[in-house]
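Worth knowing before you read on, the calculation uses all heavy atoms, side chains too, and leaves out hydrogens, waters and symmetry mates. Nothing here was measured: the structure is a model prediction, and the numbers come from that model.
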Amino acid sequence: MTALAHLVEASAGRKPESHAVQDGARVITYGALCEAAGKLAAFLAERGVRRGDRVGLLLPKSIEAIIALLGTMRAGACYVPVDPGAPTR
């Protein structure tokens with residue numbers, strides 16, 4: 001797990017009901033963020049994602065994107081942001 005994932009988990013341990021991420025009017029707490037990221041990490045591991053694997057993420061900036069980043073890191077994998085607007089060459 002990365003240092004960032006450890007820091008988020010530590011914050012969840014200290015203040016699980018505090019706001020971790022705000023996306024417009026939507027807010028997720030540290031506790032809920034860690035729980036969702038843990039579920040995603042388990043889902044990825046069940047599907048064979050291992051330490052050092054790359055996971056492509058095509059998501060807009062959102063709470064779901066943060067969950068995906070943390071879940072991927074908690075699974076030991078690296079996330080690769082995918083931009084459909086990027087040139088092919």
Side-chain angles (χ1 to χ4, degrees):
M1 193 174 353
T2 66
L4 176 60
H6 280 293
L7 288 171
V8 171
E9 282 191 15
S11 292
R14 285 191 314 273
K15 47 187 180 175
E17 296 304 317
S18 292
H19 292 182
V21 179
Q22 182 171 350
D23 176 12
R26 298 184 322 142
V27 173
I28 189 168
T29 64
Y30 280 103
L33 178 62
C34 280
E35 181 179 342
K39 287 179 181 178
L40 179 60
F43 176 86
L44 292 171
E46 288 169 3
R47 278 145 187 84
V49 173
R50 300 287 175 249
R51 181 171 213 69
D53 285 350
R54 293 173 196 89
V55 175
L57 299 178
L58 175 60
L59 294 164
K61 293 178 182 177
S62 62
I63 288 173
E64 292 76 17
I66 301 301
I67 292 168
L69 295 173
L70 289 172
T72 300
M73 288 187 275
R74 283 182 64 174
C78 302
Y79 69 88
V80 179
V82 178
D83 179 0
T88 58
R89 292 183 178 233

Steps toward side chain to side chain contact (heavy atoms under 4.5 Å, CB included) verdict (Val55, Leu57): CA-CA 6 Å; Val55 175; Leu57 299 178; 4.0 Å; yes

Where Ala20 and Leu33 come nearest, the two heavy atoms and their spacing: CB-CD2, 3.8 Å

Side-chain (Glu9) to main-chain (Ser11) donor-acceptor, under 3.5 angstrom: no

Minimum-distance pair of heavy atoms, taken over all atoms of Arg74 and Ala41: CB-CB, 3.8 Å

Spacing of Tyr79 atom OH and Leu59 atom CG [to the nearest 0.5 Å]: 12.0 Å

Partners passing side-chain hydrogen bond (donor to acceptor under 3.5 Å, both in side chains) against Arg26 (at least two apart in sequence or in another chain): Asp23, Glu64

Partners passing side chain to side chain contact (heavy atoms under 4.5 Å, CB included) against Leu40 (at least two apart in sequence or in another chain): Phe43, Leu44, Ala68

Closest non-hydrogen atom pair, Val49 against Ala77: CG1-CB, 3.7 Å

Separation between CZ of Arg47 and CG of Asp53, rounded to the nearest 0.5 Å: 14.5 Å

Side chain Ser18, main chain Pro16, donor-acceptor under 3.5 Å: no

Euclidean distance, Lys61 NZ relative to Ile66 CD1, rounded to 0.5 Å: 10.0 Å

Listed partners of Lys39 passing side-chain hydrogen bond (donor to acceptor under 3.5 Å, both in side chains), at least two apart: Glu35

By side chain to side chain contact (heavy atoms under 4.5 Å, CB included) - contacts of Ala12 (at least two apart): Tyr30, Cys34

Under 4.5 Å side-chain linkage, directly or through intermediates, the cluster mates of Leu58: Val82

Heavy-atom pair of closest approach, residues Leu4 and Met73: CD2-CE, 3.7 Å

By side chain to side chain contact (heavy atoms under 4.5 Å, CB included) - contacts of Val80 (at least two apart): Arg54

Distance, nearest 0.5 Å, that separates SG of Cys78 from CZ of Arg51: 9.0 Å

